[in-house]
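Bear in mind that the values here come from a model prediction, so they are computed numbers and not experimental data.
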Amino acid sequence: MIISWNTTNACNMHCAHCYRDAGCQAEDELSTAEGKQMLTEIARAGFKIMIFSGGEPLLRPDIIELVQHASNLGLRPVFGTNGTLITPEMAAKLKAAGTMGVGISLDSLDAAKHDRFRDFPHAWEGAVRGMRNCRAAGLPFQIHTTVMDWNASELEAITDFAVAEKAVAHHFFFLVPTGRAATIEAESLRAEAYEDVLTRIMKKQQTVDIELKPTCAPQFLRIAAQMGMKTRFRRGCLAGTAYCIVSPRGKVQPCAYLNMEIGDVRRQPFDEIWRTSEVLQRLRTMDYAGGCGSCDYKRVCGGCRARAAYYHEGDYMAEEPWCLYHGRKG
């Protein structure tokens with residue numbers, strides 16, 4: 001099981017697609033002591049992978065202490081970061097504290113396009129420098145790319161760049177229009193392009209040794225199966241079943257893009273929220289509507305629950321809108 005904690009709303013960038021609408025630090029973010037208590041409860045709930053994200057998690061002054069605590073609890077600390085703050089010294093500290101891997105965002109091989117999307121000068125240069133500092137410190141890193149209509153043609157080339165830089169993986173994040181991303185919804189892929197890009201990624205996986213994984217595009221498992229490919233992944237959308245997220249102020253959501261609060265770790269221990277939430281229990285039924293409910297890939301795919309909610313007036317059990325396969329058999 002995997003969980004993400006948006007450790008802070010503070011960020012040195014202003015990315016067009018940010019679901020958290022990050023920038024300034026939020027009022028009343030979880031303290032160091034509260035964070036440590038929550039991490040203890042997360043471990044107690046049976047989670048294994050602890051993602052420290054943001055905002056930009058490296059802007060949190062106690063981040064090394066929190067990573068060390070997570071590691072001491074037996075969690076596997078990993079990061080989602082823009083990479084620009086990973087100096088050689090920070091890479092060494094992260095590794096020493098028990099960090100197992102770092103995901104660094106890179107959305108184009110054209111530095112100007114990446115910088116514009118991230119609304120930050122020299123963001124591309126800083127991200128690549130961060131990757132190389134991780135590599136020098138012996139800290140595994142992977143590249144994260146947000147897939148848009150304007151960079152979809154570059155994806156295989158970015159994978160080749162990841163291989164050349166000795167990344168361990170390349171993960172592709174498909175836009176879900178929440179937070180600031182709602183303002184660029186028109187740039188997200190629709191059904192035909194969505195299917196085509198996922199198929200291309202699966203074909204690319206057959207040519208490279210590093211892991212390629214689409215995120216918020218659970219149909220990749222159906223496509224992989226149709227292509228006769230084996231993958232270590234057993235489930236597409238994990239929201240509420242093996243994944244959730246905690247905000248900087250301790251609010252729990254089923255996933256980063258399903259913008260509904262289902263609990264508050266300041267009022268109830270996280271492991272109780274995970275066990276008793278009615279929303280999470282409903283997600284675990286997999287009793288989906290429309291094509292997702294009748295599809296023979298329901299249990300391996302599940303459709304993107306956040307995208308379903310966005311396009312169906314908050315109904316997170318509705319049909320995933322950008323799927324060409326809906327409800328077909330065989």
Check for a donor-acceptor pair, side chain of Glu320 on one end and backbone N or O of Arg305 on the other, with a separation under 3.5 Å.
no
Looking at Phe233, is Lys213 sitting on its ring face, NZ or CZ under 6.0 Å from the six-membered ring centre and within 45 degrees of the normal?
yes
Does Lys93 NZ have over 12 foreign heavy atoms under 6.0 Å away?
no
side-chain contact (heavy atoms from CB on, under 4.5 Å) with Asp110: which residues, sequence neighbours excluded?
Ser108, Ala112, Lys113
Check step by step if ring pair (Phe, Tyr, Trp, His ring centres under 6.0 Å) holds for Phe172 and His170.
CA-CA 7 Å; Phe172 307 84; His170 184 195; 4.1 Å; yes
Residues forming a ring pair (Phe, Tyr, Trp, His ring centres under 6.0 Å) with His144, sequence neighbours excluded:
His171, Phe173
Checking His312 side chain against Ala318 main chain: does a donor-acceptor pair fall under 3.5 Å?
no
All pairs passing ring pair (Phe, Tyr, Trp, His ring centres under 6.0 Å) where residues 35-62 contributes a residue, at least two apart:
Phe47-Phe270, Phe47-Trp274, Phe52-Phe79
side-chain contact (heavy atoms from CB on, under 4.5 Å) with Ala309: which residues, sequence neighbours excluded?
Leu258, Tyr316
For Thr276, all residues meeting side-chain contact (heavy atoms from CB on, under 4.5 Å), sequence neighbours excluded
Gln268
Worked verdict on Ser53 versus Asn6 for side-chain hydrogen bond (donor to acceptor under 3.5 Å, both in side chains):
CA-CA 5 Å; Ser53 64; Asn6 295 141; 2.9 Å; yes
Which residues pass the side-chain contact (heavy atoms from CB on, under 4.5 Å) test with Met286, not counting sequence neighbours?
Arg235, Tyr288, Arg299
If hydrophobic clusters are built from ILVMFWY residues whose side chains come within less than 4.5 Å, do Val168 and Ile104 share one?
no
Can you get from Ile3 to Met1 by hopping between Ile, Leu, Val, Met, Phe, Trp and Tyr side chains that sit under 4.5 Å apart?
yes
Could you see if Trp5 belongs to whatever hydrophobic cluster contains Leu85? Use Ile, Leu, Val, Met, Phe, Trp, Tyr and a side-chain cutoff under 4.5 Å.
yes
Give a yes or no on whether Arg135 atom CZ has more than 12 heavy-atom contacts from other residues, nucleotides or ligands under 6.0 Å away.
yes
Check: Phe174 ring centroid to Trp322 ring centroid under 6.0 Å
no
